[in-house]
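Let me begin by presenting the structure, written as structure tokens, before commenting on it.
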Amino acid sequence: MTAGERTPLLEARGVVKSFGRVRALRGANFTVFPGEVVALVGDNGAGKSTLVKTLAGVHSPDEGQLLVDGEPVDFNSPVDARAHGIEVVYQDLALAAELPPAANLYLGRELMRRGLLGKLGFIDDKAMKRAGDRSFHDLGVRIQDTNAAVAAMSGGQRQGVAVARAVMWADRVVFMDEPTAALGVVQTRNVLDLILRVRERGIAVVLISHNMPEVLEVADRVEVLRLGRRVARFERGNVTMEEIVGAMTGAIEHKENHA
Amino acid sequence: MSAPAESIAAPDDDLDGAQQQPWWAKLVGGSSIWIGLILVGLIAAFAIVEPSSFVSIANARNISTDAAILLVLATGQTFVIITAGIDLSVGSVLVFAGVMSAKAMDWVGGDGTGTIVVGLISALFFGGVWGWVNGFLIAKANITPLIVTLGTFGMALGAALVITGGIDEREIPYDLIDTVGTGRLFGEVPWLVVIALVVAALFGVLLAKTRFGRFTYAVGSNAEAARRAGIGVDRHLIKVYMVAGTLAGLAGWLSLARFGTTTIGGHSTDNLQSITAVVIGGTSLFGGIGSILGTVFGVFIPAVLQNGFVITGVQPFWQQIAVGAVLIAAVYLDQLRRSRNR
């Protein structure tokens, strides 16, 4: 309603994606506006993960259109999505646990030494560690020893490393797939604060979560996916937990069922 | 807009994470340090028991000459094991590359440097080809490294036997034996040892300081994460197995130089010896952890034990028992380290 005036940063229109006989997405729409936290919610099997992977370039849609800043785009690989400033924090975090945090931040995008050494393939670990330490400090991610392997860190710290990596490279959108699912109370609090700090930098955050209180707390908007379609959109403040759950389960039908 | 807000510290993250570790835990964690200490301890022990004959330049030369060719194999094996792989084919590839090198030198004829270089190129090339076969089948056909390299272990040796009819090639240029095989730098350090140490140093730098090395660790630590980070995991695995194959080829050429024959029957346990050395050196069979420095120590521990037992009059068979025990201890410590981190 009120959001209709602005140009969406990232938009999916009528996305269809099947795996064999399973139709994971059946004409799904999804919208992200600049600098907002939008929660993508839905029951298990609603198509959330497939939609995220499509928007991140992991899957290409069978039908439908993706738009960045209103312009149609084709994502054939995660590299294409990244080139548009879109990063994903996967549920499994996708960290190389035996490597230190800075090496993970720059995994596949290493900073090279200057001059001849760089041309010979030498990487600049010191520069990466400096930049990594700064990034952790700015995001409020506390890591005692940034020389230690990620394997030696707690779940919350690992989540922090994964989020810091996404934020370091994203300039538009960061997707976070169930970022608090495996975390304790204090760690969850930290991650939610982290989400808000990311938004402060003008980067939009898409939060995929099952945790309704958490969604209501940090999300500016909520989009509900059910059976491969978007069935409802809510603005912060105009919605109760019952309404969201009702839309997720189909108990409450909304008028948002347009294709 | 940004600065003041950022300075508000986040509440302490949980306290169960990486806290200060006791000194011994750090020693166990920094695996190449403790394994280096074990090596120093062994050398010291033998030196105390038998100072006159163990502590001599001639004996140091013996030990390091025995270890040199294995060090070249183990250097390649280190890369493979860091990717969470294994290469059982190295000894057979050594033999095959040695045979092809001898054939090439025979075909060129003569005894000069040109012939020797042709032999080297041939050995490196055919070693690299077997490495490519290993890497291709592992990365593209998704067959487990254990099975692929067990297969090529048999195939490379079989092919060497087919080509030679099972009879060792003895027509090795004398210049090769005289220089690389038995020659010494400054009249003291055997060229075999110099070459092996230079190879270890170069590949140690490659592993620790370059993007190639970083990818090697990343692939072994979490191949899926590496793939999502845009690293060409399949390509990288093929390259790593080609490194191991090419180094096995180099070892084949060094072996020709040292023994003056293709020693077809003499390398059936090279794979196990190289894996033992790599694992003793602190490289993890689960991938993602390891160093060439550790492998150097891991190569020298069995060599020092063997030599020390002979010199001190202990039955040298004890060496196998001791090496086996050290191997098991090394893997146990690796598991301890990992379980502490999980």
Positions in [range] that reach chain B, provided some heavy atom is under 4.5 Å away:
{"range": "residues 113-128 of chain A", "answer": "A:Gly121, A:Phe122, A:Ile123, A:Asp125, A:Met128"}
{"range": "residues 73-83 of chain A", "answer": "A:Arg82"}
{"range": "residues 44-61 of chain A", "answer": "none"}

Practice task
Go through B:Asn222, B:Val219, B:Leu206 and name the one with the most non-hydrogen pairs under 4.5 angstrom from chain A.
Solution key: B:Asn222
Exercise for the section: Verify the neighbour count for atom CZ of A:Phe19: are there more than 12 heavy atoms of other residues, nucleotides or ligands below 6.0 Å? Expected result: yes
Problem - Heavy atoms from other residues, nucleotides or ligands near NZ of B:Lys209 exceed 12 (cutoff 6.0 Å) - result: no
Exercise for the section: Heavy atoms only: give me the nearest A:Ala94-B:Arg228 pair and the separation to one decimal. Expected result: CB-NH1, 3.4 Å
Exercise for the section: Over all heavy atoms of both residues, which pair between A:Ala97 and B:Ser221 is shortest? Give the atoms and the distance, please. Expected result: N-OG, 3.1 Å
Practice task
Could you tell me the separation between the CD1 atom of B:Ile231 and the CD atom of A:Glu110, rounded to the nearest 0.5 Å?
Solution key: 6.0 Å
Completion exercise
Residue pairs meeting ring-ring contact (aromatic ring centres under 6.0 Å, His included), one or both in residues 158-178 of chain A, sequence neighbours left out, come to A:Tyr106-A:Trp169
Exercise for the section: Check each atom of A:Asn104 against the heavy atoms of chain B and say whether the ones under 4.5 Å are side chain, backbone, both or neither. Expected result: neither
Fill in the blank from the handout: Honestly, the part of A:Leu107 sitting under 4.5 Å from a heavy atom of chain B is both
